[in-house]
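Letters A, B, ... mirror the listed sequences (proteins, then strands); counts begin at 1.
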Amino acid sequence: MLKKTDGAKRTRIGGIAKLEDANWAGGRNANRCTLILTEGDSAKALAVSGLGAISGRDTFGVFPLRGKLLNVREASHDQIMKNVEIQNIKQILGLKHNHDYKSVDSLRYGQLMIMTDQDHDGSHIKGLIINFFDHFYPSLLRIPNFLVEFITPIVKVWKGKQEHTFYTMPEYEEWKAKNNDGRGWESKYYKGLGTSKATDAAKYFSAIDKHRLAFDPMKPEDRQLIDMAFNKKKADDRKEWLRQFKPGTYLDHDIKTIPLQDFVNKELILFSMADNIRSIPSVADGLKPGQRKVVFACFKRNLKKEIKVAQLGGYVSENTAYHHGEVSLTATIVGLAQNFVGSNNINLLEPNGQFGTRMQGGKDAASARYIFTNVPRMTRTIFHQADDAILNYLTEDGQRIEPEYYLPTVPMVLVNGADGIGTGWSTSIPNYNPKDIVANIRRLMNGEEQERMTPWFRGFNGTIERIENDKFKVSGIATKVDDKTIEITELPVRKWTQDFKEMIEEMTSGGKDGKTDASASVIKDYEEHHTDTTVHFKLHMKDSGMKAAEAEGFEKFFKLTSTITTSNMVCFDLQGKIKKYASPEEILADFYPKRLEFYSLRKQHLADELNKEFERLSNQARFVTMIIKKELIVNNKKKKDLVTELRELKFRPFPKGAKRPESESEDALEEEEEQGTDGDYDYLLGMAIWSLTAEKVCCPVGTITDIAGREASHSA
DNA sequence: CTGAAGGCTAC
DNA sequence: TCTCGTAGCCTTCAG
């Protein structure tokens, strides 16, 4: 029997505006037709443009998806039915519910082609499509060549007539490692389908066999793996799946067909890994990569005066190889600057403008083009500049980007807490009091035991008490003023004033959703006296309402409590492995020795720098002295000869500029250190001749010697 | 409900 | 009436 929502094999279907239907779809030659599902409208445009180049509109249809497809596996019937995306796909293909397909003859298309961006989120979308078919129409996945994908290169390299095309980054990385880091080869990156041009599209579709890759017919084992990947109840299985991930894994696209198992284990897994990396913070600095990129960019730009958030977003993108949407990035910047109760205890950025309030939990922030930010002094106190030189900076496309992690002077993951949802893993860490944290650091320094810490939120006036080992009760404040009046002056952390007001509104009208029911009303009227940082409701109670409230207790009656659990505190540890922490003290215990190590590294680095400066000044002093004593003649000599002379006299070369390119090998560096280029002697030769006049020499020489002497005793 | 991601629709 | 910018919405993922 046909269900109302089933598709049907019709030649023409209407009501799906974005569908570019194949001319032959649903007709005699329907089995020769391919429906291309694209990731968004711009990819659809690319496909349509490519089809134009090969006159493909008879046999190819195109339909754009809107980002992440519904995971139908555990979705409610209601949610599936009202999901426009799913319903459209059913209509376009002519899918019949519960039909056991032996062939594609009853469908409007004989083949489905997935065309997503060649990135991790694109892999996720492919997975969600496969999940949809596995769940509702597994028989279709068993038909050879029903499901195919369209792949586009992400890197091309060439040297003369030789050319290599790579479809995955790990594949490219592997090739680079084997080929002298790709030196001597020219390369081009293709980032996202949206950046492709019409000529690219024409090229792809003219050679469609190169870009079309079929999935293997589904085997029984495949179904279990797909379930493992998408079943909501199998997060623990996914943890195990991710634990055995081997770095460098990728799906080789130089094959005839893709086993679905390989898709899950070699491609989808890369999304899941990336999902965790972007969602779960490091225990070292409490930052996720997106946040770390923002902080790095602010330091790099050496922000002194305020900058528009939208503009900072652009700067971050350019300078840190950020490859995602700007909406996401500006939200990250805003989040770092928020300071209302329940957000950051120490906001790393300054909120100049409307960055959101506790009225709506920050959702009331103004648009990024209206608001400004800056780096508060505190941020550079915590992320100390003296550590910059000893951090491990990452590179991407030859660009030096943010460090693997910062190491703030206090564990910021505890100060500001963290929330994140990845794959298999999620994390939830509450805020703690910096004073408590520092006190515990002191205890560790003295070899004492840490004291147990309780979550703490700056500006919060209510109470937080431990009710279980990893459970805390958070209470707001309600006070009886007189027989008819109750004041509410604090809400539980992260209960937003707006939401609470809606409840008060219902208690006043006695109804829900605009309906009123006077008999259920318990509040006669109420006043609001909030400021931007405090909560203050004055409730004029009905007599019956006051009675009921007192009988139940204000806390319960007004829902003025919430709980914080500390049973899911997950971070990337200092080895880069995902780790669940049992307590904030355990987090501190991981952080502390690394910070100590960094203090000694910092000290060593500073000492090295001072020694270098000492040597430089000593050399200059010796240089001047030799000239005065006429042991060295500089007049009328060529620079080249003079440098040779300086080398013979064992003057040390000092290169100009702080850093050399990192690609140079250690050996080359050391050799250059000893010999130095001619320019490396400019610190001597550049000393202006006028400073060697009779009047000036007596004094400066003494001064230089003095300074050198002082520096020497410092570094010793 | 949280937040870093993918995306479009409607105003 | 059309275009532009964007607020507001849908989706994933774990607990």
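- Aromatic rings of A/F340 and A/W496 (six-membered ring for Trp) have centroids within the 6.0 Å cut-off, being under it.
- In the model, A/N469 has a side-chain atom that pairs as donor or acceptor with a side-chain atom of A/R452 under 3.5 Å.
- With rounding to whole Å, A/K44 atom NZ is found 11 Å from B/dC8 atom P.
- Note: CG (A/D364) to P (C/dA7) measures 13 Å, nearest angstrom.
- Taking 4.0 angstrom as the limit, A/H124 places a side-chain polar atom (N or O) nearer than this to OP1 or OP2 of C/dC13.
- The shortest distance between the side-chain N/O atoms of A/T423 and the OP1/OP2 oxygens of C/dC13 is not below 4.0 Å.
- Contact annotation: A/Q291 does not reach the phosphate of B/dG3 (side-chain N/O to OP1 or OP2, under 4.0 Å).
- A/D470 pairs by the salt bridge (Lys or Arg N to Asp or Glu O under 4.0 Å) definition with nothing, not counting sequence neighbours.
- Not one side-chain nitrogen or oxygen of A/Q79 sits closer than 4.0 Å to the OP1 or OP2 atom of C/dC10.
- Residue A/S279 is classed as having no contact, given no heavy-atom separation below 4.0 Å to the nucleic acid.
- When the nucleotides C/dA14, B/dG6, C/dT12 are ranked by their closest atom to the side chain of A/L128, C/dT12 comes out on top.
- Listed nucleotides: B/dG3, C/dT12, B/dA4. Nearest to the side chain of A/D419: B/dG3.
- Nearest to the side-chain atoms of A/H324 among the listed nucleotides B/dG6, C/dG15, B/dG3 stands B/dG6.
- Of the candidates C/dC13, C/dA14, B/dT2, the closest approach to any side-chain atom of A/F230 belongs to C/dC13.
- In this structure, A/G420 reaches neither bases nor backbone, as no heavy-atom distance under 4.0 Å exists between it and the strands shown.
- To the nearest angstrom, P of B/dA5 lies 13 Å from CD1 of A/I280.
- When each of A/K293, A/R292, A/K300 is checked for a salt bridge (Lys or Arg N to Asp or Glu O under 4.0 Å) with A/E402, only A/K293 meets the rule.
- Nucleic acid contact for A/S567: none, since no nucleic acid atom lies under 4.0 Å from a heavy atom of the residue.
- Here B/dT2 is the nucleotide among C/dA7, B/dT2, B/dG6 with the atom lying nearest to any side-chain atom of A/K363.
- An OP1 or OP2 oxygen of C/dC10 is reached within less than 4.0 angstrom by no side-chain nitrogen or oxygen of A/N83.
- Within the 4.0 angstrom heavy-atom criterion, only backbone atoms of the sugar-phosphate kind lie near A/K18; the bases stay farther away.
- Residue A/D117 has its side chain nearest to B/dG7 when only C/dT12, B/dA4, B/dG7 are considered.
- Nearest nucleotide to the A/N568 side chain, out of C/dG15, C/dC13, C/dT11: C/dG15.
- Taking 4.0 angstrom as the limit, A/K232 places a side-chain polar atom (N or O) nearer than this to OP1 or OP2 of C/dC13.
- The aromatic rings of A/H124 and A/F230 lie parallel to each other, with less than 30° between the two planes, well short of the 60° mark.
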Can you list, pair by pair, the side-chain donor-acceptor contacts under 3.5 Å of residues 320-327 of chain A, counting residues two or more places apart and other chains?
unit_1 : atom_1 : unit_2 : atom_2 : d
A/T320 : OG1    : A/V316 : O      : 2.7
A/H323 : NE2    : A/A321 : O      : 3.3
A/H323 : NE2    : A/E396 : OE2    : 2.6

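- Rounded to whole Å, the distance from CG on A/D121 to C1' on C/dC10 is 15 Å.
- As judged by a 4.0 angstrom heavy-atom cut-off over every strand, A/G335 is placed among residues making no nucleic acid contact.
- Side-chain N/O atoms of A/Y322 include one lying less than 4.0 angstrom from OP1 or OP2 on B/dA5.
- The phosphate of C/dA14 (OP1 or OP2) has a side-chain N or O of A/R238 nearer than 4.0 angstrom.
- Looking at which nucleotide of DNA chain C each of A/D236 and A/Y370 is closest to, the 5′-most match is held by A/Y370.
- Relative ring orientation between A/F166 and A/Y172 is described as tilted, the plane-to-plane angle lying within the 30° to 60° band.
- Proximity of A/K68 to the phosphate of B/dG7: no side-chain N or O atom is located under 4.0 Å from OP1 or OP2.
- Between A/R494 atom CZ and B/dT2 atom C1' the separation is 7 Å, expressed in whole Å.
- Distance CG (A/L70) to C1' (C/dC10): 10 Å, rounded to an integer number of Å.
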Practice prompt. Step by step, work out the side chain to side chain contact (heavy atoms under 4.5 Å, CB included) result for A/E350 and A/T379.
Written response: CA-CA 10 Å; A/E350 197 176 287; A/T379 301; over 6 Å; no
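- Rounded to a whole Å, the CD1 atom of A/I125 is 13 Å from the C1' atom of C/dC10.
- Looking at the side chain of A/I421, the nearest of the listed nucleotides B/dT2, C/dT12, B/dA5 is B/dT2.
- Side-chain atoms of A/R66 lie closest to B/dC8 of the nucleotides C/dT12, B/dC8, C/dC13.
- Within the 4.0 Å cut-off from OP1 or OP2 of C/dG15, at least one side-chain nitrogen or oxygen of A/K239 is found.
- Across all strands, A/R369 comes closer than 4.0 Å only to sugar-phosphate atoms, never to a base (heavy-atom distances).
- Among the protein residues, A/E39 comes within range of the sugar-phosphate backbone only, with heavy atoms under 4.0 Å from sugar or phosphate atoms but none that close to a base.
- The residue A/G122 sits apart from the nucleic acid: no heavy atom pair falls under 4.0 Å.
- As rounded to whole Å, 14 Å separates atom P of C/dT12 from atom CZ of A/F132.
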